[in-house]
**Q** 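What follows is a structure written as structure tokens; I'll ask about it next.
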Amino acid sequence: MEELDGEPTVTLIPGVNSKKNQMYFDWGPGEMLVCETSFNKKEKSEMVPSCPFIYIIRKDVDVYSQILRKLFNESHGIFLGLQRIDEELTGKSRKSQLVRVSKNYRSVIRACMEEMHQVAIAAKDPANGRQFSSQVSILSAMELIWNLCEILFIEVAPAGPLLLHLLDWVRLHVCEVDSLSADVLGSENPSKHDSFWNLVTILVLQGRLDEARQMLSKEADASPASAGICRIMGDLMRTMPILSPGNTQTLTELELKWQHWHEECERYLQDSTFATSPHLESLLKIMLGDEAALLEQKELLSNWYHFLVTRLLYSNPTVKPIDLHYYAQSSLDLFLGGESSPEPLDNILLAAFEFDIHQVIKECSIALSNWWFVAHLTDLLDHCKLLQSHNLYFGSNMREFLLLEYASGLFAHPSLWQLGVDYFDYCPELGRVSLELHIERIPLNTEQKALKVLRICEQRQMTEQAILLLTSHTGDVGLWTPRVRSICKILAMKAVRNNRLGSALSWSIRAKDAAFATLVSDRFLRDYCERGCFSDLDLIDNLGPAMMLSDRLTFLGKYREFHRMYGEKRFADAASLLLSLMTSRIAPRSFWMTLLTDALPLLEQKQVIFSAEQTYELMRCLEDLTSRRPVHGESDTEQLQDDDIETTKVEMLRLSLARNLARAIIREGSLEGS
Amino acid sequence: MEEIYAKFVSQKISKTRWRPLPPGSLQTAETFATGSWDNEENYISLWSIGDFGNLDSDGGFEGDHQLLCDIRHHGDVMDLQFFDQERIVAASSTGCVTVFLHHPNNQTLSVNQQWTTAHYHTGPGSPSYSSAPCTGVVCNNPEIVTVGEDGRINLFRADHKEAVRTIDNADSSTLHAVTFLRTPEILTVNSIGQLKIWDFRQQGNEPSQILSLTGDRVPLHCVDRHPNQQHVVATGGQDGMLSIWDVRQGTMPVSLLKAHEAEMWEVHFHPSNPEHLFTCSEDGSLWHWDASTDVPEKSSLFHQGRSSTFLSHSISNQANVHQSVISSWLSTDPAKDRIEITSLLPSRSLSVNTLDVLGPCLVCGTDAEAIYVTRHLFS
């Protein structure tokens with residue numbers, strides 16, 4: 001076991017008094033149930049008024065944010081796209097695809113952040129506004145971390161381009177300068193604006209030297225006295241060698257040029273060229289990478305990673321990735337100056353600069369309030385083949401563990417569960433088991449929803465079925481996993497409860513549930529006996545091969561066919577079908593009497609329908625039935641009455657059968673004779 | 001199909017419908033309604049794709065659709081139809097049928113009329129009352145017809161409190177959708193692959209005609225009637241098949257077309273250009289079927305042709321066609337018997353539950369909580 005990474009946070013549940021009463025709790029897949037019990041801590045039986053509620057404690061609260069839902073849904077599409085990236089792709093094309101995916105994720109975070117920002121501004125309730133604002137800052141931190149990880153782990157920028165990426169990173173996230181610039185340039189006399197030098201300094205700090213030069217030219221225009229030194233500074237800014245993406249110069253060439261430029265700057269400092277203008281002199285010191293001068297601009301730098309990047313820009317522009325961590329640590333120490341301790345975000349960024357991916361993910365998991373970020377980032381880094389070696393001491397690997405956590409959170413939500421399904425799909429080890437556990441808990445309030453859940457189940461066992469077919473010829477068994485069956489059964493039960501027998505039957509046919517089909521068929525037959533007519537003929541008349549599912553269902557279908565034949569006056573066919581139902585033993589014995597009674601009108605027809613042979617069969621059936629009839633010990637009046645009717649029926653049947661037999665023998669005899 | 005705009009709306013969309021244009025209007029569609037399902041709180045919402053000179057200056061860029069107003073809806077929205085310009089009829093999973101009224105002046109929606117127990121398993125008033133989801137609704141001013149999981153058909157009138165006509169146990173299985181065939185006649189599809197025609201002039205609880213798929217009783221989920229040739233009907237099934245029926249003859253479909261990989265949730269003929277047909281499915285795809293065969297070069301329409309495929313009718317029992325105008329959907333001429341299919345959504349993920357077409361505009365809604373709109377269907 002690893003030790004804890006910090007004290008677990010205490011969540012207070014309002015209204016629950018854990019001091020007086022004992023608590024009860026139970027874990028769910030994504031949440032926990034908590035309630036007070038009526039047990040008292042002390043032996044005394046005094047009744048403490050206890051809290052009558054059961055509380056649901058959710059651990060992934062962010063899932064319930066309306067705006068973050070957009071993040072979950074949109075990133076779901078990107079996630080699927082990433083999983084489908086061809087594993088065969090290698091080298092450049094693969095990397096560029098992964099970088100594109102990473103940028104897509106970031107743009108979704110940004111879109112979400114902007115919307116959250118709008119909502120925070122528009123919020124009428126200040127507490128609400130604060131909540132949204134804090135969400136904005138969380139999203140912004142997520143994007144900051146993601147962007148850095150993209151540069152360091154996915155882009156894997158080498159010395160040279162690395163710094164350009166880092167500069168872009170800082171410019172993207174320290175963006176107050178744009179509004180400041182608009183403010184200054186919008187004023188009547190920009191160079192006399194209070195923030196003019198602040199603006200120029202920030203531009204230099206961010207390495208935006210072209211813009212800084214333009215500002216300086218405004219100063220030169222406004223005060224001719226300093227025009228000369230402004231021009232010199234402008235030249236220094238212009239001549240600073242930088243790596244441009246299209247340029248073919250080598251790193252060594254750049255380093256050499258940069259060294260010359262640096263020495264030139266140094267000379268100007270020693271010559272005290274800018275002594276008359278403290279502003280310009282401090283700019284020069286910044287451009288020389290002077291740490292003390294940089295630290296003077298703490299306010300403008302606003303954070304240590306900005307300090308780090310500026311410091312690298314002016315002191316070591318071709319920094320190698322492996323040296324980053326040294327600069328990062330010292331920049332953090334210098335910037336904080338022992339006054340404050342690093343925040344979680346600082347630690348995460350520092351870990352990234354140290355190329356310690358696992359530390360980044362671990363710190364993020366602790367600091368952030370949702371699993372979305374770590375799950376998606378880890379998955380992406382895993383696709384960059386950066387996480388192979390790391391295995392957890394529980395479950396499977398880290399990627400899968402985090403995806404499972406995230407997906408479980410989605411399943412805890414009443415409507416985001418559909419997203420969770422695809423995440424489980426891409427967890428090779430425990431995804432399927434988790435899906436099976438979670439999907440059972442989806443309430444099925446409409447058939448349409450049930451069909452969607454069924455489709456999910458059916459789609460997922462296709463592969464399993466394929467495997468089954470390869471190993472053994474189990475046929476249909478593989479197609480119907482227990483879950484599909486149980487969904488159909490739930491729906492069939494529901495339909496039976498609602499007296500929708502047709503619906504129940506079609507669900508049990510879909511589930512291939514013979515036992516339930518038998519039960520429903522019995523209900524149909526009972527209804528027929530009570531009412532004398534069939535319901536739901538549209539289904540029963542169209543059973544087709546599904547009729548073979550259970551014997552009882554076959555009987556139901558065939559019995560209905562008998563009625564149809566009878567209705568169509570196809571008496572001979574009807575008669576032989578009726579007889580075969582009994583002789584083949586498809587008809588339940590309890591139904592024989594009804595069948596024999598059905599034979600009565602056929603026996604009484606003018607023409608002879610049952611042949612002599614068939615009549616013998618019928619007689620055998622009747623005798624079979626009456627001889628095995630149980631003898632009732634007790635004899636209450638009702639029983640007697642029933643028996644009476646029964647006896648009359650049997651007598652009538654016997655009479656009819658005898659008459660029919662006589663007619664049949666005469667007819668057959670005369671036919672043979674003729 | 002260059003521009004298709006997606007907007008994530010934080011609710012799973014079960015139905016989308018364009019607001020009908022006033023008769024004789026030359027405008028294009030600009031307002032549509034959506035209904036959500038499977039959320040803790042479900043909503044009926046109205047959206048506009050029009051220009052927002054004064055409404056929204058910063059948020060929406062051109063082509064994006066903006067929310068006009070919404071109202072809580074009890075239960076999942078199972079179906080949605082515009083009754084007229086202002087009124088929307090919604091079918092609920094609670095068995096309730098509600099007419100919502102839109103007030104364009106202050107952009108609000110209100111409940112105009114409600115039949116709370118339109119569909120039920122055990123009657124209202126009985127202690128064991130249990131409702132049944134209402135699965136489909138169709139309007140033909142002033143009439144509203146609803147069908148449900150209880151196999152019941154209701155005929156309502158907008159100004160009547162009680163149902164004008166109810167057919168209990170009209171179907172032994174679940175009725176999934178309903179549409180008008182000719183004025184007193186309606187057409188329903190059910191979960192055992194049958195298509196039934198009901199004539200409200202006839203008393204009794206029997207359909208006037210039953211047509212069915214042979215064999216496997218594959219459930220049918222949606223139905224639409226050809227806007228000009230009322231005997232031509234299209235249905236979509238659980239296996240994703242598109243069936244074309246000629247209700248005047250035979251009891252089997254004229255043709256069965258292999259289409260989607262999962263449930264086809266909706267099928268629509270283009271109302272003014274019925275050679276075009278649109279389908280959407282649980283498998284996350286949205287298809288445009290083009291049966292207009294007279295134009296040899298359709299390159300302007302389908303030059304992308306990413307997923308274009310040619311299909312020929314697989315089943316055909318059209319031996320004795322003798323109508324003067326043969327719909328291209330019923331045609332069996334091998335030379336003409338081609339349909340071009342284009343997939344309209346870029347990548348498929350979760351189910352596309354619904355779609356609607358009007359003029360050059362198409363809207364669809366998905367379980368991925370996105371609404372897609374295009375205004376240049378035939379550009």
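By convention in this document, chain letters (A, B, ...) are assigned in the order of the sequence lines, proteins followed by strands, and residues within each chain are numbered from 1.
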**Q** Please look at A/W507 and chain B and tell me whether the side chain, the backbone, both or neither of the residue comes under 4.5 angstrom of a heavy atom of that chain.
**A** neither

**Q** A/W417 versus B/D38: any side-chain heavy-atom pair under 4.5 Å?
**A** yes

**Q** Looking at side-chain heavy atoms only, is the closest gap between B/E40 and A/S415 below 4.5 Å?
**A** no

**Q** Indicate the atoms forming the closest heavy-atom contact of B/D150 with A/R500, along with that distance.
**A**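 Nearest pair, atom of B/D150 first, then A/R500: O-NH1, 2.9 Å.
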
**Q** Would you mind reporting whether A/P414 and B/N39 have side-chain heavy atoms less than 4.5 Å apart?
**A** no

**Q** So which part of B/S130 gets closer than 4.5 Å to some heavy atom of chain A, the side chain, the backbone, both or neither?
**A** side chain

**Q** Among B/E282, B/E263, B/Q238, B/E261, which one satisfies side chain to side chain donor-acceptor pair (under 3.5 Å) with A/R455?
**A** B/E263

**Q** Measuring heavy-atom distances to chain A, does B/N353 have an atom under 4.5 Å in its side chain, in its backbone, in both, or in neither?
**A**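 Contact with chain A is through the side chain of B/N353 alone.
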
**Q** Compare every heavy atom of B/S10 with every heavy atom of A/R69, then report the nearest pair and how far apart it is.
**A**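 So the minimum-distance heavy-atom pair works out to CZ-O, 3.1 Å.
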
**Q** Tell me, for B/Q194 versus chain A, whether the close heavy atoms (under 4.5 Å) come from the side chain, the backbone, both or neither.
**A** side chain

**Q** Tell me, side chain or backbone of A/R497 under 4.5 Å from chain B's heavy atoms, or both, or neither?
**A** neither

**Q** For chain B, which of A/L451, A/L416, A/N499, A/L68 has the most heavy-atom pairs under 4.5 Å?
**A**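 When all of A/L451, A/L416, A/N499, A/L68 are compared, A/L451 has the most.
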
**Q** Flag the one option from A/K452, A/H413, A/Q66 with the top tally of heavy-atom pairs under 4.5 Å to chain B.
**A** A/K452

**Q** Taking all non-hydrogen atoms of both residues, which atom of B/H176 and which atom of A/E447 are closest, and how far apart?
**A**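 Nearest heavy atoms, B/H176 then A/E447: NE2-OE1, 4.2 Å.
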
**Q** Could you report the tightest heavy-atom contact between A/Q418 and B/K12, atom names first, then the distance?
**A** OE1-NZ, 2.6 Å

**Q** Please flag which part of B/K7 lies under 4.5 Å from any non-hydrogen atom of chain A: side chain, backbone, both or neither.
**A** neither

**Q** Can you name the nearest heavy-atom pair linking B/D367 to A/N73, along with the distance?
**A**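 Scanning both residues completely, I find the closest heavy atoms to be O-OD1, 4.2 Å.
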
**Q** For B/S93, enumerate each residue passing the side-chain contact (heavy atoms from CB on, under 4.5 Å) test, keeping only those at least two apart in sequence or located in another chain.
**A**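 Applying side-chain contact (heavy atoms from CB on, under 4.5 Å) to B/S93 gives A/T446, B/D76, B/M78, B/P133.
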
